[in-house]
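Down below is the structure, laid out as structure tokens.
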Amino acid sequence: MPDTVLRTGLARAAVLTGLEQPLEIRDDIEVEAPRAGELKVRMAASGVCHSDLSMQNGTMMSAMPIVLGHEGAAIVEEVGEGVTGLKPGDHVIISWVPQCGDCFFCNRDQGYLCENASAALATGGLLDGTTRFTSQGAPLFQMAASGTFSEVSIIPAIGAVKIPDDVDMKVAALIGCGVLTGTGAAMNTADIKKGDTVAVVGCGGVGLNVIQGARIKGAGEIIAIDMNETKLQMAKEFGATATVNASQTNPVSAVMDMTGQRGADVAFEVIGLGETIDQTITMVRRGGQAILVGVPRMDVMVQLPAFFGVVLAEKTIKGCWYGSSNVQKDVPKLLDLYKKGELKLDELISRTITLDQVNEAFDAMKTGEVARSVIQY
Ligand code: APR
Ligand code: ZN
Ligand code: ZN
């Protein structure tokens, strides 16, 4: 890196150096100053999401070494050239899809598919494909144009959503991924009608939000499916009206039995496994919707009998990326629902941890004990 590059000091961060490696806590991260259109932010909190684990185990691919973390809330410390509408001291939620507002998709109100954000996500850098972190003489990539497992980060200004100062930053962090994705799947991606029977396969940090999104949309029955009893109990608190323990009961038969053998109006897959994707599509009624939210390994295929499974069944099978969210519109809407007591957010925080405990948070997620561990900086 050239000497002319301004440095803003050293930061502590959790770094993934190789597949299946524990995250390395480093305190020598050199952070470059924000360039035009960027912000330097001091992280206040970061959730530990299943997608972070998916980077470690290779379900999702990335350049390495990389600072993981993409579900964060932070305080703006410095603004780069040309940034308007944000100033030092502002509290922000980090959107891991920095929606440019001006590409093919952004112009069609599908900013969650933003072409510029997708390119950045693929490189492991910011919008210009380069990273602002260096450690041990090598560049460090930034997960999802953010890297929230770092005390300090540089992010695109369009990836910041300003929020009021009185919002708890741990709660704000969770909105950044799990809440927007889960509630968005139910409130934006799917078309849930009042009284619909909804099934949710997988009740982790994201699935619990699908459940509460379905409740807010007026679903009648909400069937929660998981293999973990604690999660099923939480699912009831978030609005599930029935639960199925998939380690004891076949979830497809259970949903068929509960719907007069017709199937659910809308079913969501919120894990990312081939087997549960099949189950989700099968448990949907004729004319119903299967919404695939979980991120599967790249080699997982969706296989269906074309006639009985699709044409005759007239099912809609729809992918869901970032809850089909327009972050600037949806964040205030969600904060409003939270204030009114309709959206449960504090209850998602199972554990508050330090950055140094991030590997323990990964272990807790693997065993399914927690909805979310949240790092407080
Ligand atoms: N059947 C039913 N439930 C299962 C099964 C299964 N075969 N396997 C796992 N589960 C449950 C777990 O018990 C857990 O409660 O799925 C849940 C997954 O939750 P988390 O690990 O908390 O994952 P989450 O952060 O909610 O993310 C879910 O969405 O954004 C994506 O990449 C993310 O693919 C991941 C998915
Ligand atoms: Zn996530
Ligand atoms: Zn765009």
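Each ligand, and each atom within it, is numbered from 1 in the order the structure gives.
- For the Zn ion (ligand 2), the count of nearby protein N/O/S atoms, taking only those under 2.8 Å, is 3.
- By the criterion of a heavy-atom distance under 4.0 Å, the side chain of Thr276, and not its backbone, is placed next to ligand 1.
- Not a single N or O atom of Met60, backbone or side chain, sits closer than 3.5 Å to an N or O atom of ligand 1.
- Looking only at side-chain heavy atoms (C-beta outward), Gln212 and Leu343 come within less than 4.5 Å of each other.
- Protein heavy atom at the shortest distance from atom 27 (O) of ligand 1 is His50 CB, 3.4 Å.
- Protein N/O/S atoms closer than 2.8 Å to the Zn ion (ligand 3), listed by chain and residue number, are Cys100 SG, Cys103 SG, Cys106 SG, Cys114 SG.
- Considering backbone and side-chain N/O of Asp226, one or more are found under 3.5 Å from N/O of ligand 1.
- Any N or O atom pair closer than 3.5 Å counts here, and Thr181 shares no such pair with ligand 1.
- Ranked by closest heavy atom to atom 25 (O) of ligand 1, the top entry among Gln279, Met365, Arg372 is Arg372.
- Thr249 meets the side chain to side chain donor-acceptor pair (under 3.5 Å) test with no other residue; sequence neighbours excluded.
- At least one N or O atom of Ser51 sits closer than 3.5 Å to an N or O atom of ligand 1.
- Below 4.0 Å from some heavy atom of Gly294 lie the following atoms of ligand 1, by number and element: 29 (O), 34 (O), 36 (C).
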Under 3.5 Å, sequence neighbours excluded: what are the donor-acceptor pairs made by side chains of residues 306-321?
from, atom 1, to, atom 2, distance (Å)
Lys315, NZ, Ile281, O, 2.6
Lys315, NZ, Val284, O, 3.1
Lys318, NZ, Thr189, O, 3.0

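- Only the side chain of Lys231 comes within 4.0 Å of ligand 1, counting heavy atoms alone; its backbone N, CA, C and O stay farther away.
- At the shortest separation from atom 16 (O) of ligand 1 among protein heavy atoms lies Ile271 CG1, 3.6 Å.
- The two residues Asn245 and Ser247 make their nearest non-hydrogen contact at OD1-OG, 2.6 Å.
- For ligand 1, the polar-atom distance check finds an N/O of Gly205 within less than 3.5 Å of one of the ligand's N/O atoms.
- In this structure, Val201 falls outside the shell of residues with a heavy atom less than 4.0 angstrom from ligand 1.
- Atom 19 (O) of ligand 1 has as its closest protein heavy atom Gly204 CA, 3.2 Å.
- Between Val206 and ligand 1, an N or O atom pair is found at a separation short of 3.5 Å.
- Protein heavy atom nearest atom 7 (N) of ligand 1, with residue, atom name and distance: Met227 SD, 3.4 Å.
- In summary, the atoms of ligand 1 found under 4.0 Å from a heavy atom of Gly202, numbered by their order in the structure, are 16 (O).
- Note: no N/O pair closer than 3.5 Å links Val370 and ligand 1 by distance alone.
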